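Since this is a predicted model, take the numbers as computed values, not measurements. Note on naming: letters A, B, ... go to the chains in the order of the sequence lines (proteins, then strands), and numbering restarts at 1 for each one.
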Amino acid sequence: MSIKENITRVIRNFSGNSVDIDISVPEHESLGHYSTTVAFLLAKEKHISPIDMAEELASYLNTTSDIFDRVEAKAPGFVNMWVKPEVFFRELKFILKEGDRYGKRKISRSRRKKVQIEFISANPTGPLTLANGRGGFLGDVLGNVLQMSGFDVEKEYYVNDTGNQIETLGNSILAASRLIPYEETFYKGEYVDYWARAHVAIVKRLKHDPLKLGKRAAKDFLKATRNVIEKKAGIYFDRYTSEDNDIHGKGYVKKALSLFQKNRSIYESDGALWLKTTEYGDDKDRVVLKKDGVPTYFLADAGHYLETKKRGFDSKILILGPDHHGYMARIQAVASMVGIQKSDVMITQAVRLLENGREVKMSKRKGMFVTFEELVDEVGKDSARFFFLMITPETHMDFDMSLAKERTLKNPVFYVQYAAVRAKSIMRKVKKPAIPDLSDLAVLSTEEDIRLMKTLAQFPEIILSVSSSYNIRRLTQYALELAKVFHGFYEKERVLGEEKNVVRARLTLISATLIVFKNLFSVLGISFLKKM
RNA sequence: GCCCCCGUAGCUCAAUUGGAUAGAGCGCUUGGCUUCGAACCAAGAGGUUCCGGGUUCAAAUCCUGGCGGGGGUACCA
C-alpha cells in the first residue's frame, strides 16, 4: 500500500464514507509532505466552519495515528501532514525489494479485467502524420499504465484495408502510372509515385481492378507504417486487426446487422436501413445499409466493436484524431448496443505545423506534410515521445520544426535522462548495497534526503491515478519533478566520501532512485541511458 | 446555422481535474566546476490567466454573454 493510500485509510476512520478523500503533495514543504482538503467537505456536511473541522481532524490524526510527525490545520480549512521519517524508510526498503515490480498493481490473473485500447488505426494509404504520432504515443503509454495497474490490456491497431479509400488508393496509383486520368479526390504524393514506379508489373496486371491494386499497395504501406511505429517510435501493438479479413471475412458486419435487427434498433427509410443511434445520445440516426444495399463504413465499425466484445472485452478505449470527433456519439451508441460496458473515446487535437513562424498547410491528399517518421528521425525517439506526452492531447499544439526542434524539444528528456545518468555514475563506482535495516537509514535526515524519498514514494500513486484519469502527462510531469529533486540532491549532498554509515544509507537511496527512474522510463517508453 | 476543442510569461506548453504564493523549457541578466558527470545548480527580470457577469470558504478551471483561433457537420472513409 502506498503512503497516500495509508493516509487515506487513517482519515477514512475519521470521516466515514460519505466524502471523497483527496491527498495532494503540496509544492512547498511548508505546507506539509501531504495535504488534504477533506475538512471543507466535512464542514459542509456537518454545518460547521471549515477551520474548526480541520482542527478537529488534525488533532484526531495527531493523537490516534503513529505515522505522523505532526499534523496542522491551516486556514481556511486545509490539513497539512508531515509523516515520520520511518514511513519513508519503509518505502525505501520496499522499493529495493520490489525492484522492477515497484509501481505495479498485483492482481491475480483470474481477476484481471480485459481492456482493449485502440489507437492510430490510420488508413494504410500513406505515411503517418504528426497527429497519428500523437495518438500513438498516448495510446502506447496509456496501455502500459493500464497494464501496470493490473488490467489485461490489448493494444489494437485497426487496419481499414478495404473499402472506398483503398479503391481510391488503387486509382491513385493508376493515375500516377498514367493509365487513367487524375481526379481531385486521389491521393497525391511522392509515396504514391514511388510505389507505382517500383511495382510496374503489378500495376499493369491489376489495372482493371483498382480495389485489388489498392489492397496490394496498402499491404506495403502498412508494413512501412509498422516499421516506423515499432522500430523508430517504440510503439507496440498486440494485434493488427484487419477490417477485410477479421471483420468482413468473419461475417461480423452481417452479425452486427442481424443483432441490431433482433433488438429492433433498425428501421427503413428512403430505401436505406437506419440505426437508431439517437436512443443512445447521438443527434441523428445513422445509415448502415445504403439504398444500393452496400453496408456503410459505420456498419463495419459496428462489426468491429461486436468482434471486440465477442473476444471478451467489456471495456474499450478508443483514441481518435480531431477529424473524427463527429464520430464519437455514434460509436458510443454502438458500444452500448453491442454490450461493451465501459467505452471511452479520447480525441486528440491537431498539430499545426509552422515553418519560421508561418503556418504550413498540411494535406495528405496533396502530399504536403511533415510525416511522423521525419519528426522521429529528426529529433530521436526519446525526445519525440517525451515532448508529445508532455502536452495535453486536447490542446491544439503549434509545432515549429525549424525553430523548436533542437533545444526546446530535446531539453526536457535530456534533463530527466541526465539525472538518471548522474545517479548511475555514482553506483558504477561501488558495489550494489544490500537491503539495510530501518535503523541504518536514520541518517537520511537532510531536507534533500527527505524530499527525494517523498518524491520516489509518489510513483505508485501516479501510476494508479493515471490509470483512471487517463491523464498521461502526469507521468512526464512526475519525471521532470523527480529529476529536479534529484539534481537538487546531487548538488547539495554527497554520497561517496562521507562517513561509512552515511554512504551506505545514501547508496540505498540512490539505488531506489534508479529503480524508480527505470520503471518510469519503461512506462514512458524512453531509454534508460548509462551515459550520454 | 448547429456541434466539439482551444485562448495562461516574448515563444512552446504546465497547473495533481474546484485548492494555498499560476509553474517549466527556450530566449534574456547575474553568480557557481582542484571532490560522486556543469546536458547541472542558485538568484533575477517577465502575468489584468482574451473581455464582462454569475456560482462558493475557494475559479485559469464550473455556469452565462461576448471576442478571437482551429476542427467537425455526407446513403465519404
Side-chain angles (χ1 to χ4, degrees), chain A residues 22-28 30-31 35-37 40 43-44 49-51 74-78 80 123 125 160 163-168 185 269-274 283-284 286-292 294 296-298 300-301 321-329 347-350 352 354 357 387 390-392 394-400 403-404 406-415 417-419 421-430 458 461-462 465-466 469 471 473-474 476-478 480-481 483-484 486-488 490-498 503 506 510 531-532:
Chain A
D22 72 293
I23 311 282
S24 64
V25 177
E27 249 172 77
H28 305 280
S30 61
L31 301 175
S35 175
T36 180
T37 61
F40 289 107
K44 188 163 269 180
S49 80
I51 185 64
K74 180 132 186 179
F78 297 97
N80 300 334
N123 289 341
T125 52
N160 301 125
N164 278 353
Q165 83 280 7
I166 296 298
E167 192 168 345
T168 301
T185 54
S269 173
D270 297 331
L273 291 188
W274 299 69
D283 55 357
K284 59 182 181 185
R286 305 291 170 175
V287 170
V288 287
L289 212 59
K290 294 188 266 185
K291 213 178 340 195
D292 57 10
V294 176
T296 59
Y297 180 87
F298 177 52
D301 263 357
D323 49 334
H324 282 75
H325 110 260
Y327 223 66
M328 195 160 152
I347 306 281
T348 64
Q349 287 302 325
R352 199 160 57 126
L354 306 174
F387 187 77
M390 251 174 37
I391 292 164
T392 73
E394 63 266 18
T395 62
H396 306 259
M397 70 185 263
D398 283 349
F399 192 87
D400 195 322
L403 189 113
E406 271 312 309
R407 290 196 76 87
T408 308
L409 252 73
K410 291 183 176 173
N411 198 285
V413 218
F414 283 2
Y415 184 78
Q417 287 176 320
Y418 183 52
V421 166
R422 276 179 142 182
K424 183 75 193 169
S425 75
I426 294 175
M427 294 311 294
R428 228 193 329 259
K429 295 182 167 57
V430 295
Q458 279 177 259
E461 297 158 4
I462 303 274
S465 145
V466 172
S469 69
N471 193 352
R473 65 196 170 280
R474 286 201 58 184
T476 46
Q477 275 162 27
Y478 174 71
L480 289 166
E481 172 69 17
K484 185 188 176 128
F486 184 76
H487 281 307
Y490 187 92
E491 296 283 341
K492 204 150 177 200
E493 308 292 353
R494 283 198 60 81
V495 177
L496 306 179
E498 297 287 299
V503 172
R506 289 246 163 89
I510 304 295
K531 54 182 180 181
M532 50 194 289

(message) Please report the distance separating the C1' of B/G66 from the corresponding atom of B/A58, rounded so that it comes out in whole Å.
(response)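 Looking at atom C1' only, B/G66 and B/A58 are 26 Å apart.
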(message) Counting distance alone, no hydrogens or angles: does the base of B/A39 have a donor or acceptor under 3.5 Å from a partner atom on the side chain of A/N411?
(response)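 No, no donor-acceptor pair under 3.5 Å.
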(message) Is any side-chain heavy atom of A/T37 closer than 4.5 Å to one of A/F78?
(response)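 Heavy-atom side-chain distance check passes, below 4.5 Å.
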Please pick, from [options], the nucleotide with the shortest atom-to-atom distance to any side-chain atom of [X].
X      : options             : value
A/R494 : B/U35, B/G37, B/A77 : B/U35
A/F414 : B/A77, B/A39, B/G19 : B/A39
A/P26  : B/C13, B/A20, B/A77 : B/A20
A/T37  : B/G19, B/G71, B/C76 : B/G19
A/D270 : B/C36, B/C75, B/C5  : B/C75

(message) Would you call the rings of A/F486 and A/Y490 parallel, tilted or perpendicular, taking 30° and 60° as the class edges?
(response)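 Tilted: the ring planes of A/F486 and A/Y490 meet at 30° to 60°.
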(message) From CD of A/Q477 over to C1' of B/G25, roughly how many Å is that when rounded to an integer?
(response)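 To the nearest whole Å, that distance equals 13 Å.
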Distances under 3.5 Å between nitrogen or oxygen atoms of protein and nucleotides 41-45 of chain B:
unit_1, atom_1, unit_2, atom_2, d
B/C41, OP1, A/Y415, OH, 2.4
B/C41, O4', A/E491, OE2, 3.4

Between the protein and nucleotides 54-63 of chain B, list every N/O to N/O distance that falls short of 3.5 Å.
none

(message) Quick check on A/K290: does its NZ atom have over 12 non-hydrogen neighbours (other residues, nucleotides or ligands) under 6.0 Å away?
(response)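 For A/K290, atom NZ is crowded (more than 12 foreign heavy atoms under 6.0 Å).
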(request) Kindly label the base of B/U17 as syn or anti, based on whether its glycosidic torsion lies within 90° of 0. (result)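 What B/U17 shows is a syn base, its glycosidic angle lying within 90° of 0.
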(request) Write down the partner of B/A60 under the Watson-Crick or G-U wobble criteria, each distance required to be under 3.5 Å. (result)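 Per the H-bond distance test, none.
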(request) Could you say whether A/G326 or A/N471 is positioned toward the 5' end of RNA chain B, judged by the nucleotide with the nearest heavy atom to each? (result)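 On the 5' side of the pair lies A/N471.
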(request) Could you pick out which residue, A/I391 or A/G497, lies toward the 5' side of RNA chain B when each is mapped onto its nearest nucleotide? (result)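 Here A/I391 is the residue nearer the 5' end.
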